[in-house]
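What follows is a single structure, written as structure tokens, with notes after it.
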Amino acid sequence: VQLQASGGGLVQAGGSLRLSCAASGRTFTAYAMGWFRQAPGKEREFVGAINWTGSTTSYTDSVKGRFTISRDNAKNTMYMQMNSLKSEDTAVYYCASYRWGTIRPGTPHYWGQGTQVTVSS
């Protein structure tokens, strides 16, 4: 299974970015997917997740109302639209795939390589 995250970059505070996560080598449509991030000197944290159909999403409180996760199962790709970015959103963002289709607590089984998001204030 390969997960390829892309779309990171440098953006000013208040700006927007859209991250993508392309999956290959596995039945993408059957599994929930998630986004995580790790800021310098901090532990990796959960950002949000989407169920296998795309009908349900969940977000950590700090990004609710600003980030939106979606998926296109025909393209084996998950997205995360990030709006109203803040300096505290600066981190390496990772996409991940779970072993189940619904959103529930647990550690993803597969991880992408990460994409850097830097928000300048």
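Fair warning: this is a prediction, and the values are worked out from it, not measured in the lab.
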Problem set entry | Main-chain N/O of Ser6 paired to Thr115 side chain as donor or acceptor, under 3.5 Å | no
Exercise. What do the steps show when you test Met33 against Cys21 for side chain to side chain contact (heavy atoms under 4.5 Å, CB included), and what is the final call?
Worked result: CA-CA 9 Å; Met33 301 285 291; Cys21 176; 4.1 Å; yes
For this session: Please check if any side-chain donor atom of Ser24 sits under 3.5 Å from a side-chain acceptor atom of Gln2, or the reverse.
Result: yes
For this session: Using a strict cut-off of less than 4.0 Å between a Lys/Arg side-chain nitrogen and an Asp/Glu carboxylate oxygen, indicate whether Lys86 and Asp89 qualify as a salt bridge.
Result: no
Exercise. Between Val47 and Val63, which heavy-atom pair has the shortest distance, and what is it?
Worked result: O-CG2, 3.8 Å
Exercise. In terms of the angle between their ring planes, are Phe36 and Phe46 parallel, tilted or perpendicular, with boundaries placed at 30° and 60°?
Worked result: perpendicular
For this session: Find the distance between OG (Ser97) and CH2 (Trp52) and round it off to the nearest 0.5 Å.
Result: 14.0 Å
Exercise. Got a second to check how far Met80's CE is from Ile69's CD1, nearest 0.5 Å?
Worked result: 6.0 Å
For this session: For the pair Arg66 (side chain) and Ser62 (backbone), establish whether a donor and an acceptor sit closer than 3.5 Å, ignoring hydrogens and angles.
Result: yes
Problem set entry | Cationic tip of Arg99 above Tyr110 ring, under 6.0 Å, 45° of axis | no
Exercise. Between Asn73 and Thr29, which heavy-atom pair has the shortest distance, and what is it?
Worked result: CB-CG2, 3.2 Å
Exercise. Do any N or O atoms from the side chain of Tyr98 and from the backbone of Pro105 form a donor-acceptor pair under 3.5 angstrom?
Worked result: no
Seminar exercise, completed: Output for pair (Met82 CE, Tyr93 OH), nearest 0.5 Å, gives 5.5 Å
Seminar exercise, completed: In short, Ala5 meets Gln113 closest at the heavy-atom pair O-NE2, 2.9 Å
Problem set entry | Within-4.5 Å side-chain heavy-atom neighbours: Leu17 and Leu85 | yes
Exercise. Is a donor on one side and an acceptor on the other found under 3.5 Å between the side chain of Arg71 and the backbone of Asn51?
Worked result: yes
For this session: Please confirm whether the backbone N or O of Tyr79 pairs with a side-chain atom of Asp72, one donor and one acceptor, at under 3.5 Å?
Result: no
Problem set entry | Taking every non-hydrogen atom, the tightest pair across Gly34 and Met78 | O-CE, 3.4 Å
Problem set entry | Trp111 vs Arg44, side chain to side chain contact (heavy atoms under 4.5 Å, CB included): CA-CA, chis, key distance, verdict | CA-CA 12 Å; Trp111 294 87; Arg44 188 176 298 186; 3.1 Å; yes
Exercise. Taking Thr90 for the side chain and Val119 for the main chain, is one N or O donor matched with an acceptor at less than 3.5 Å?
Worked result: yes
Seminar exercise, completed: Here the pair of heavy atoms bringing Thr77 nearest to Ser20 is CG2-CB, 4.3 Å
Exercise. So, is the end of the Arg37 side chain (NZ or CZ) under 6.0 Å from the ring centre of Trp35 and within 45° of the ring's axis?
Worked result: no
Problem set entry | Under 3.5 Å: donor-acceptor pair, side chain of Asn76, backbone of Phe28 | no
Problem set entry | Smallest separation among heavy atoms of Ser121 and Ala13, with atom names | CA-CB, 4.2 Å
Problem set entry | Interatomic distance, Ser58 atom OG to Ile103 atom CD1 [nearest 0.5 angstrom] | 5.5 Å
